[in-house]
Amino acid sequence: MTAARDGRVLVLTMDDAATKNALGPEMMAAARDAFLQAAADPAVGAVVLAGANGTFCSGGNLGALLGNAKTDPSAIRANLEQFHGWVRAMRACPKPVIAAVEGAAAGAGFSIALGCDLIVAADDATFTLAYVKVGLNPDGGASAFLARAATPQLAAEIMFEGGRIGAARLAQLAIVNRVVAPGLALAEATAWAARLADGPTLAIGRAKRLIEAGFGEPDAQLDREADFFVEALHGAEAAEGITAFFEKRPANYPRV
C-alpha cells in the first residue's frame with residue numbers, strides 16, 4: 001500500500017504486481033492505519049483508493065486460505081478481523097472515500113469498493129464476488145453493502161452465481177457512480193475528491209454518519225460474515241472448491 005498527497009486528497013494505492021494486488025496482512029494493516037490517520041488529519045479532506053498495474057484488487061490469496069484451513073479457527077478469525085478492521089476504519093473515516101476501479105475488483109476487492117462511499121470505474125472494469133465458486137461466503141462487508149445498494153434478488157444473483165458484472169450494468173443499478181474510459185478512473189476520482197475536499201468537511205462527515213445510521217451499522221454483519229467464513233473455510237465444500245480451483249477442474253461438492 002502506497003500513500004501520496006494531491007492537495008487535500010490522500011491517494012492510497014494497493015500495489016503488489018505479483019498477486020494483482022491481492023490482500024495480505026501488511027496491506028490490510030497499512031490500509032487500516034492510513035484511514036485512521038486520514039480521519040484525524042485536518043489537512044486531508046478526501047481519500048481515493050486505487051489499485052496499481054491496471055487492476056484494482058484480485059481479492060484474497062486462495063493459496064494462503066488453503067493453508068489456513070488446516071489451522072485453528074481462531075487464527076482465521078483473527079486474520080478476518082484484520083481485514084474487517086480496514087473496512088471499519090474506512091467506514092468510520094469522516095472524509096469521503098472514492099474507489100477508483102480499473103481492471104478487476106474481485107472477491108474482497110469488490111467488498112472494498114462497495115465499502116467506499118463512491119465508486120468511479122473504467123468502462124471495461126469487472127466486478128465479481130466469486131466466493132461461492134470455491135465454497136466460501138463473502139467477507140469485508142459485501143453482503144451488507146449489497147443489501148443496501150441492491151434489491152434482495154440482485155444481491156442473491158451476485159452472491160449465488162459469483163459471475164462477472166461489468167461497470168456499465170452496476171452504473172445502471174446506481175452501485176457505480178461514474179463510468180469513464182479505461183485508464184481515467186484515478187484521474188476522475190481524484191478530481192471529484194478534490195472538489196469534495198474543498199467543501200464543508202464537518203457537514204460531509206455528518207452526512208456520512210447519517211447515511212450509515214439510516215441503513216443500520218454494518219458491524220454486526222461483519223461479525224456474521226467472519227463467523228460464516230471461518231465455518232465455510234473449515235468445511236468440506238471449501239476444501240473441494242479451493243482444491244478444484246488450483247487443479248483447474250469443476251468442483252464436485254458434497255451433497256448434504
Side-chain angles (χ1 to χ4, degrees), residues 14 16 18-25 27-28 51 55-84 87 101 103-115 124-147 149-167 169-170 175 221-256:
M14 296 173 280
D16 186 351
T19 66
K20 296 184 178 179
N21 307 331
L23 303 183
M27 182 185 294
M28 292 186 284
T55 299
F56 184 70
C57 177
S58 63
N61 187 318
L62 274 182
L65 284 177
L66 189 61
N68 288 344
K70 301 178 178 67
T71 65
D72 187 276
S74 63
I76 309 304
R77 182 60 186 255
N79 187 63
L80 283 168
E81 284 306 317
Q82 190 174 37
F83 177 32
H84 288 179
V87 177
V101 181
F110 193 2
S111 301
I112 294 166
L114 288 168
D124 61 352
T126 59
F127 300 78
T128 179
L129 287 178
Y131 295 86
V132 71
K133 292 191 174 182
V134 291
L136 292 172
N137 307 108
D139 57 2
S143 59
F145 301 136
L146 271 180
T151 65
Q153 290 78 13
L154 177 60
E157 176 187 341
I158 292 172
M159 288 192 285
F160 292 179
E161 292 284 351
R164 292 182 180 179
I165 307 169
R169 185 183 181 201
L170 291 183
I175 295 173
Q221 190 73 352
L222 286 167
D223 288 336
R224 279 187 288 269
E225 283 188 346
D227 289 339
F228 284 7
F229 194 96
V230 171
E231 179 183 334
L233 186 59
H234 284 79
E237 288 184 338
E240 167 60 14
I242 297 174
T243 300
F245 174 85
F246 283 112
E247 293 179 354
K248 303 185 186 306
R249 60 170 175 80
N252 184 22
Y253 292 114
R255 296 300 165 219
V256 294

Note to self: On a heavy-atom basis, which atom in Thr55 and which in Lys20 lie closest, and how many Å separate them?
What the structure shows: CG2-O, 3.7 Å
Note to self: To the closest 0.5 Å, what do you measure between CG (Leu170) and CG (Leu154)?
What the structure shows: 8.0 Å
Item checked: Heavy-atom closest contact (Ala251 atom, Gly241 atom, distance) -> CB-CA, 4.2 Å
Notebook entry, point to check: Can you tell me how far the OG1 atom of Thr128 sits from the CD1 atom of Ile165, to the nearest 0.5 Å?
Noted result: 7.0 Å
Item checked: Val101 side chain near Phe127 side chain, heavy-atom distance below 4.5 Å -> yes
Next item on the list: Would you check, one step at a time, whether the test side chain to side chain contact (heavy atoms under 4.5 Å, CB included) holds for Thr243 with Arg249?
Entry: CA-CA 9 Å; Thr243 300; Arg249 60 170 175 80; 4.0 Å; yes
N/O donor-acceptor pairs under 3.5 Å from side chains in residues 129-143, not counting sequence neighbours:
residue: Tyr131; atom: OH; partner: Ala108; partner atom: N; Å: 3.0
residue: Tyr131; atom: OH; partner: Asp139; partner atom: OD1; Å: 2.4
residue: Ser143; atom: OG; partner: Gln221; partner atom: NE2; Å: 2.9
residue: Ser143; atom: OG; partner: Glu225; partner atom: OE2; Å: 2.5

Item checked: Value rounded to 0.5 Å, distance of CG in Leu114 from CD1 in Ile112 -> 10.0 Å
Notebook entry, point to check: Which distance, rounded to the nearest 0.5 Å, do you find between the CG of Leu23 and the CE of Met14?
Noted result: 7.5 Å
Checklist line | Heavy-atom pair with the smallest gap, counting every atom of Ala105 and Phe56 | finding: CB-CD2, 3.8 Å
Next item on the list: Could you tell me whether the side chain of Glu240 and the main chain of Asn252 form a donor-acceptor pair under 3.5 Å?
Entry: yes
Check: Between Ser58 (side chain) and Ala104 (backbone), is there a donor-acceptor pair under 3.5 Å?
Finding: no
